[in-house]
Amino acid sequence: MALPKIAVLTGAGISAGSGVPTFRDAEGSLWRTHNPQELATPAAFARNPKLVWEFYDWRRQRMAPSKPNPAHFTLAEMDALLPDFTLVTQNIDGLHPLAGSKRVLYLHGDIWRIRCTFCDHRQVNRQVPLAPLPPQCPECGELLRPDIVWFGESLDWGVLTAAAKAFEEADIALVVGTSAVVYPAAQLPVYTRRNGGEIIEFNTERTALSSLATTHLGPSEQMLPAWWAAFKAEQGIGTSGEG
Ligand code: BJW
Ligand code: ZN
C-alpha cells in the first residue's frame with residue numbers, strides 16, 4: 001500500500017511552544033496590543049516606514065533567540081521520510097528550516113529576508129537590532145522593507161498554486177496552530193475535505209476549521225509528535241522489514 005499523501009498548514013501556534021507570540025488568541029498576543037491596520041499594511045508603511053520598521057525590528061529581536069520545538073522537528077522528520085509531503089507555512093519566523101525542513105512553501109514571506117521597495121534588490125538579513133531604521137537599498141538608495149505579505153497584498157502566485165495543488169491531492173491535511181481566519185491560507189484545507197480527504201487539527205482551541213476536522217488534538221508541541229509516532233507504527237514506517 002502506498003503511503004497517504006500529507007499536506008500540512010502551520011500557523012503561529014506551532015511556534016507558541018518556542019516562545020514566539022501568536023497574533024490573535026491569548027491576552028497580550030500581538031494584535032491585542034498593536035493595531036495591524038497601523039503596522040502590517042502597505043499604507044502604514046507608506047505613511048510611517050520608521051514606525052513599521054521599529055515594530056518589525058522589535059519582533060526580530062524577540063524571535064532571534066527562539067529555537068524549534070518538537071512539533072517543528074516532527075515536520076522535518078516527515079519531510080525526510082514521506083515521499084508525498086508538503087509543508088505550507090504562514091509563519092515568517094524561520095523555525096521550520098532551522099528544524100531541518102527542506103521543502104517549505106512560505107505563504108506570508110520571511111522576516112529574515114528584506115527587499116527593496118523600488119528595484120529587484122533582495123537580501124537575507126539576520127542583523128538584530130537593525131540600524132539605522134528605516135534601512136536603505138545599497139543599490140538604488142530607496143527604502144528597504146521586510147519581505148513579508150501584508151494585509152491587502154497578493155501572495156506569491158506560484159507558491160499559492162503549489163500549496164493549493166498539494167491540499168487538493170492530499171489524503172490527510174494536518175492543520176497546526178492556526179486560527180484559520182486569514183485568507184487565502186484558511187481555504188487550503190477545505191480543498192482536501194472537498195476531495196474526500198480528512199483534516200486533523202492541532203490547536204489548543206476550536207477554530208473556524210474545527211467543524212470540518214475529523215480529529216481535533218491539543219497543543220502541537222505534544223500532540224504532533226504523538227500523532228506521528230502512532231502514524232509511523234500504523235504504516236510500518238521506520239520498522240525493520242518495511243517494503
Ligand atoms: C496553539 C498553541 C499550541 C496557541 N499548539 N495551537 C476573504 C474573506 C475575508 C477577507 C479576505 C478574504 N480574502 C482576502 C481577505 C483579506 C485578508 C484577510 O484574510 N483578512 C482576514 C483577517 C479577514 N487577506 C489578505 O489581505 C491577504 N492577501 C490577499 O488576499 O491578497 C489578495 C487581495 C488583494 C487585495 C485585496 C483583497 C485581496 C494577505 C494576508 C497576509 C497576512 N499577513 C499576516 C502578517 C504577516 C507579517 C507579520 O507577521 O507581521 O500574516 S497577518 C497574520 O495572520 C500573519 C499570520 O501568518 C496570519 C495567520 O495567523 P495565524 O498563524 O493563524 O495565527 P493566530 O494568532 O491567528 O492563531 C494562532 C492559533 O494557534 C490560535 O488558534 C491558537 O489557539 C493556536 N495555538 N498555542 C497549537 N501550543
Ligand atoms: Zn533598490
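Order of listing sets the numbers, starting from 1, for every ligand and every atom in it.
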Peer 1: If we only consider heavy atoms of M223, is any one of them less than 4.0 Å away from an atom in ligand 1?
Peer 2: no

Peer 1: Does only the side chain of N203 get under 4.0 Å from ligand 1, or the backbone, or both, or neither? Count heavy atoms.
Peer 2: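 For N203, the contact with ligand 1 is made by both the backbone and the side chain.
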
Peer 1: Report yes or no: do N125 and R115 form a side-chain donor-acceptor pair below 3.5 Å?
Peer 2: no

Peer 1: Please list, one pair per line, the donor and acceptor atoms closer than 3.5 Å that link side chains of residues 220-228 to other protein atoms, with sequence neighbours excluded.
Peer 2:
unit_1	atom_1	unit_2	atom_2	d
W228	NE1	E77	OE2	3.2

Peer 1: Considering F202, Y183, W150, which one's heavy-atom position lies nearest to atom 27 (C) of ligand 1?
Peer 2: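 That would be Y183.
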
Peer 1: N/O of G177 under 3.5 Å from N/O of ligand 1, yes or no?
Peer 2: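 Between G177 and ligand 1 (N or O atoms, distance only) the closest approach is under 3.5 Å.
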
Peer 1: For ligand 1, which atoms sit closer than 4.0 Å to a heavy atom of I148?
Peer 2: 47 (C)

Peer 1: What atoms in ligand 1 come closer than 4.0 Å to a heavy atom of G152?
Peer 2: 25 (C), 26 (O), 34 (C), 35 (C)

Peer 1: For ligand 1, which part of E153 has a heavy atom less than 4.0 Å away: the side chain, the backbone, both, or neither?
Peer 2: backbone

Peer 1: So, does G17 sit close enough to ligand 1 that a heavy atom of it is under 4.0 Å from the ligand?
Peer 2: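 It does not; every heavy atom stays at 4.0 Å or beyond.
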
Peer 1: Only pairs under 3.5 Å count here: list side-chain donor-acceptor contacts from residues 180-198, not counting sequence neighbours, and write none if there are none.
Peer 2:
unit_1	atom_1	unit_2	atom_2	d
T192	OG1	F167	O	2.6
R193	NE	L212	O	2.9
R193	NH1	G197	O	3.1
N195	ND2	E168	O	2.9
E198	OE1	T214	OG1	2.9

Peer 1: Less than 3.5 Å apart, any donor N or O on the side chain of T178 or Q90 sitting next to an acceptor on the other?
Peer 2: yes

Peer 1: Provide the closest heavy-atom pair for N203 versus E205 in the form atom of the first, atom of the second, distance.
Peer 2: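 What the structure gives for the nearest pair is OD1-N, 2.9 Å.
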
Peer 1: Of H108, R206, E205, which has the heavy atom at the shortest distance from atom 42 (C) of ligand 1?
Peer 2: H108

Peer 1: Among pairs that include at least one residue of residues 93-102, which meet side chain to side chain donor-acceptor pair (under 3.5 Å), considering only residues two or more places apart or in two chains?
Peer 2: T10-H96, S15-D93

Peer 1: Might you point out which heavy atoms bring A44 and L39 nearest each other, and give the distance in Å?
Peer 2: CB-N, 3.8 Å

Peer 1: Please list, in chain and residue-number order, the protein N/O/S atoms closer than 2.8 Å to the Zn ion (ligand 2).
Peer 2: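 You should have found C116 SG, C119 SG, C137 SG, C140 SG.
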
